[in-house]
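One structure is given below, encoded as structure tokens.
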Amino acid sequence: MHTRLTPRVGGLAIFGALLLSLLFAPEQIADRYTYFILATSILFVIALLEDLGVHMSAQKRLLAAIAASLVAIVLLDVWIPRTDIPGLDLLLNHWVIGVPITLVVTAGISNAFNMIDGVNGLSAMTAISAALALSHIAYQADYIVMVNLSTMLAAAVIGFFLVNYPFGLIFLGDAGAYTLGFVLSWFGISILLNAPEVSPWALLLTMFWPVADMCLAIYRRSRRKTDAMAPDRLHVHQMVMRALEICVLGRKRRKAANPLTTLVLSPFVVAPPIAGVMFWDQSFNAFLSVIFFALVFTASYLVAPKLIHRFRQKIRMQ
């Protein structure tokens with residue numbers, strides 16, 4: 001879809017902004033925040049090598065995300081404290097349960113943001129929405145430290161977004177996507193640790209779109225008996241882009257379909273974080289919202305191809 005060489009090192013801007021944020025981090029958490037950025041740098045470096053042309057397989061990048069989370073756990077001595085799932089929260093107190101679950105969640109969300117990074121602006125817009133939602137949830141819970149950190153992250157991504165969307169003058173790259181997912185997932189854990197009234201389901205809503213797309217990809221590939229880490233062209237944003245070409249814009253209009261896809265998907269990306277902010281301390285309502293958006297997401301994915309097929313048949317008959 002791009003006809004000219006385009007830099008894939010947008011992650012440098014994101015990580016550079018994170019380093020700069022160390023100067024403005026609240027004094028009471030400055031040391032721990034430095035440890036966290038140090039852990040994040042492990043994943044950033046491995047993903048950046050892939051962006052620079054040094055082959056780093058998806059498995060290696062996933063292992064880097066796990067390693068970075070493990071370093072964060074060791075340096076900070078924390079992991080996911082609760083999920084609001086009956087029975088599981090008691091087990092999370094034990095590191096043998098809590099640490100593996102934390103590694104799966106943080107590495108999974110890191111990978112999820114990379115999966116949706118397929119059209120101009122989508123991953124960045126999702127990260128901005130998540131960061132602003134986390135900031136507002138932290139504000140409502142009177143956890144001002146995370147208000148500052150999340151707002152700084154959102155500002156950093158907005159700077160990148162202005163250059164990336166709509167024309168794709170620079171790409172987020174693996175370093176940017178993985179880093180954003182990693183940082184946002186750990187910001188969510190920090191809120192759970194320091195604001196006990198916040199619902200874990202509300203935090204899941206802030207990052208619903210990449211998590212839903214990743215879960216669907218895993219299910220899809222398991223049914224097809226293909227490699228769970230192998231890329232395909234069946235992500236939601238790819239299907240929407242093809243639908244825009246077939247039904248609206250016409251073939252060979254990928255340059256327009258690419259940014260328009262992000263615009264079309266924006267309500268679906270932004271709605272769950274808004275629900276997360278609304279139900280930040282209402283775990284049951286937040287859980288029902290997760291179920292609702294999951295049903296809408298799945299139904300849309302199943303129905304859309306059939307509608308596109310009917311449209312194509314109608315065009316052929318005319």
Side-chain angles (χ1 to χ4, degrees), residues 7 9-48 51 64-65 67-69 71-78 102 106-107 109-110 113-114 117 121 123-165 170-195 198 203 206-207 210 273 277:
V9 290
L12 285 173
I14 302 300
F15 191 73
L18 285 173
L19 290 176
L20 187 62
S21 72
L22 288 170
L23 300 176
F24 304 98
E27 186 175 344
Q28 64 268 35
I29 56 97
D31 290 342
R32 293 176 66 80
Y33 188 53
T34 302
Y35 291 150
F36 173 66
I37 298 300
L38 178 63
T40 305
S41 67
I42 298 171
L43 176 58
F44 167 74
V45 169
I46 296 300
L48 181 63
D51 294 333
S69 268
V71 170
I73 290 170
V74 171
L75 292 178
L76 302 176
D77 192 29
V78 296
T102 302
T106 54
I109 292 177
S110 301
F113 269 85
N114 190 55
D117 186 30
S123 192
M125 180 188 66
T126 305
I128 293 168
S129 301
L132 291 177
L134 289 175
S135 177
H136 199 72
I137 289 172
Y139 176 77
Q140 293 179 107
D142 201 27
Y143 180 33
I144 304 304
V145 165
M146 190 49 60
V147 175
N148 296 331
L149 296 182
S150 294
T151 303
M152 284 191 289
L153 179 62
V157 185
I158 288 172
F160 164 81
F161 183 81
L162 294 176
V163 185
N164 172 254
Y165 188 84
I170 189 171
F171 294 156
L172 193 58
D174 287 356
Y178 275 100
T179 298
L180 284 175
F182 184 83
V183 172
L184 286 167
S185 64
W186 272 99
F187 277 8
I189 291 174
S190 180
I191 292 175
L192 287 177
L193 287 164
N194 293 278
V198 173
L203 298 180
T206 66
M207 293 166 254
V277 171

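Note that the numbering runs from 1 along the sequence shown for the chain. Reckoned from all heavy atoms, side chains included, excluding hydrogens, waters and symmetry mates.
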Hey, does Thr102 have a side-chain heavy atom less than 4.5 Å from the side chain of Trp186? yes
Sequence neighbours excluded, which residues qualify as side chain to side chain donor-acceptor pair (under 3.5 Å) partners of Tyr165? none
Taking the side chain as everything from C-beta on, heavy atoms only, tell me whether Tyr35 gets closer than 4.5 Å to Leu76. yes
Identify the heavy atoms of Gln28 and Val145 that sit nearest to each other, and give their distance. NE2-CG2, 3.3 Å
Tell me if a side-chain donor or acceptor on Asp51 pairs with a main-chain N or O of Ala175 at a distance below 3.5 Å. yes
Just how far is it from atom CG of Asp174 to atom CG of Asp117, taken to the nearest 0.5 Å? 8.0 Å
Side-chain contact, heavy-atom cut-off 4.5 Å: Leu38 with Val71? no
Exercise: identify the closest heavy-atom pair between Ala25 and Tyr33: CB-CD2, 3.6 Å
Using 0.5 Å steps for rounding, measure from the OG1 atom of Thr151 to the CD1 atom of Ile158. 9.5 Å
Angle between ring planes, Phe36 versus Phe182, binned at 30° and 60°: parallel, tilted or perpendicular? parallel
Apply side chain to side chain contact (heavy atoms under 4.5 Å, CB included) to the pair Leu12 and Phe160, showing each step before the final yes or no. CA-CA 10 Å; Leu12 285 173; Phe160 164 81; over 6 Å; no
Taking the side chain as every heavy atom from C-beta outward, state whether Thr106 and Ile189 have any pair of such atoms under 4.5 Å apart. yes
Specify whether Phe44 and Phe15 have parallel, tilted or perpendicular ring planes, treating 30° as the upper limit for parallel and 60° as the lower limit for perpendicular. parallel
Shortest non-hydrogen separation from Ala127 to Val157 and the atoms involved: CB-CG1, 4.4 Å
Counting N and O atoms only, with roles assigned by atom type, does the side chain of Ser21 sit under 3.5 Å from a partner on the main chain of Leu18, one being a donor and the other an acceptor? yes
Work out which heavy atom in Ile170 is nearest to a heavy atom in Asn164; give both atom names and the distance. O-ND2, 2.7 Å
Heavy-atom closest pair (Ala156 atom, Ile14 atom, distance to 0.1 Å) is O-CD1, 4.2 Å
Quick check for you: to the nearest 0.5 Å, what is the distance between Ile144 atom CD1 and Asn194 atom CG? 12.0 Å
Could you check if a side-chain atom of Gln140 sits within less than 4.5 angstrom of a side-chain atom of Val277, using non-hydrogen atoms only? yes
Mind checking side-chain contact (heavy atoms from CB on, under 4.5 Å) for Ala138 and listing every partner two or more places apart, or none if nothing turns up? Tyr143, Met146, Val147, Ile191
With a 6.0 Å cut-off (strictly less than), is the heavy-atom count around CD of Glu27, excluding the residue itself, greater than 12? no
The reported gap from CG in Leu132 to NE2 in His136 (rounded to nearest 0.5 angstrom) is 10.5 Å
Report the distance from atom OG of Ser110 to atom CG of Leu180, rounding to the nearest 0.5 Å. 9.5 Å
Could you grab the distance from atom CG of Leu149 to atom CZ of Phe187, nearest 0.5 Å is fine? 5.0 Å
If you look at every heavy atom in Leu184 and Met207, which pair is closest and at what distance? O-CE, 3.6 Å
Output yes when a side-chain donor or acceptor of Ser123 lies under 3.5 Å from a complementary backbone atom of Phe113, and no otherwise. yes
